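Heads up: the structure comes next, in structure tokens.
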Amino acid sequence: MGPGLCDNCHAKPKHVEGTHVHQYCGKKCAASAQAHKHQAGGHGGHGGHNGHNNTHHVNSATICLMCRKAPKHGPSHFCSNKCAAQAESKAICLLEVPQGHDTFKSVEHQFKDTWRMPGRTPPSVKYVYKIVEPASRTAKYNHYRATVEARGQFTKHKLTAGNECRRWHGTRRECQLGEPGNTTFCASTTCALCSIIKSSFNLAMSRGGRFGNGIYTSSTSSKSDGYASNAHASPVKAILLNKVVVGKCHKNPGLSPTLNAAPAGYDSVVAPGSQVAADELIVYDNDAVRPSFLVVYQP
Ligand SMILES: [Zn+2]
Ligand SMILES: [Zn+2]
Ligand SMILES: [Zn+2]
């Protein structure tokens, strides 16, 4: 077996000196990895060591969710293709995001920022888990997003591809999923939380609603909190933060409980809310949405 690929460029083999295998292919990659870590707020100043002992100085705010040793690579949750593949091989699985991690902070920030309930402070976020799905499932979502992007050209207007947004969904939990040490899905077919994470959202399971037979999410965490329930008493509640391809959205189509698709020329429907009845976003395609994070909080 060779020394493996450089932790920075993932292209050239790691530099080998006698019996010592360096983390990087050379000084250039070692320095660039250090600079990257420095930018991300990590410990710097070890560039001259050519990567020695780097793992002891990794900034936990950007640590890889799989090996928890090396810094993650850019927007990926993982440090390397190897760790990404390892996580995927266990899919569908939950990987705990440590408190203090940038990803934890980002999810927590969105939760608190979108909690709109007069007179009630946001609950504290206790645990965040990244939901890792099989590559085949990601591919279908990415394909749908690319189709919507090709039609709507959202990136030209400085939006994300497909106008992708993160939206909340609250549902019924029959088990203790997400509580300390519990990342195993239960076997109950009526545990909606486990079902959604295991199989993603399914229109066939939709019970309909004010805007038809679609998949309902909200930008407001307190709205989704209202739908989150525990079948058994628990000190915590759990909701999902999802990736949704919003595309071109029809705002306020009026009550339309018979809709089975977005109105012609649109990809989704948004029902704006007042303070009491918060906004809802509805998509009508299974591949327009994926559960991305499980968020456990103390009400
Ligand atoms: Zn390299
Ligand atoms: Zn890793
Ligand atoms: Zn369950």
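All values reported here derive from a predicted model rather than from experimental measurement. When a ligand or atom number is given, it counts from 1 through the structure's own listing order. The basis for the numbers below is simple: all heavy atoms, side chains too, and nothing from hydrogens, waters or symmetry mates.
Contact record, T183 with Y129: CG2-CE2, 3.6 Å, taken as the closest heavy-atom pair.
S76 contributes a side-chain N or O that, together with a main-chain N or O of F78, makes up a donor-acceptor pair within less than 3.5 Å. A distance-only check finds no donor-acceptor pair linking the side chain of D225 to the backbone of G170 [under 3.5 Å].
Between D267 and R151, at least one side-chain N (NZ, or NE/NH1/NH2) sits under 4.0 Å from a carboxylate O, which counts as a salt bridge. Salt bridge present: E179 and R173 bring a charged side-chain N and a carboxylate O closer than 4.0 Å.
At least one test fails for K14 against the ring of Y24: distance under 6.0 Å to the centre or angle within 45° of the axis. The cationic group of K248 lies under 6.0 Å from the six-membered ring centre of Y266 and within 45° of the ring axis, placing it in a cation-pi geometry.
Counting only protein atoms, the N, O or S atoms lying less than 2.8 Å from the Zn ion (ligand 3) are C175 SG, C186 SG, C191 SG, C194 SG, ordered by chain and residue number. For a distance threshold of 2.8 Å, the protein N, O or S atoms nearer than that to the Zn ion (ligand 2), listed by chain and number, are C64 SG, C67 SG, C79 SG, C83 SG.
N242 pairs in a side-chain contact (heavy atoms from CB on, under 4.5 Å) with only one of the listed residues (S224, S292, P291, S200), which is P291.
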Could you go through Q176 and N182, starting from their C-alpha distance and side-chain angles, then the distance that decides it, and tell me whether this counts as side-chain hydrogen bond (donor to acceptor under 3.5 Å, both in side chains)? CA-CA 7 Å; Q176 275 79 47; N182 196 338; 4.9 Å; no
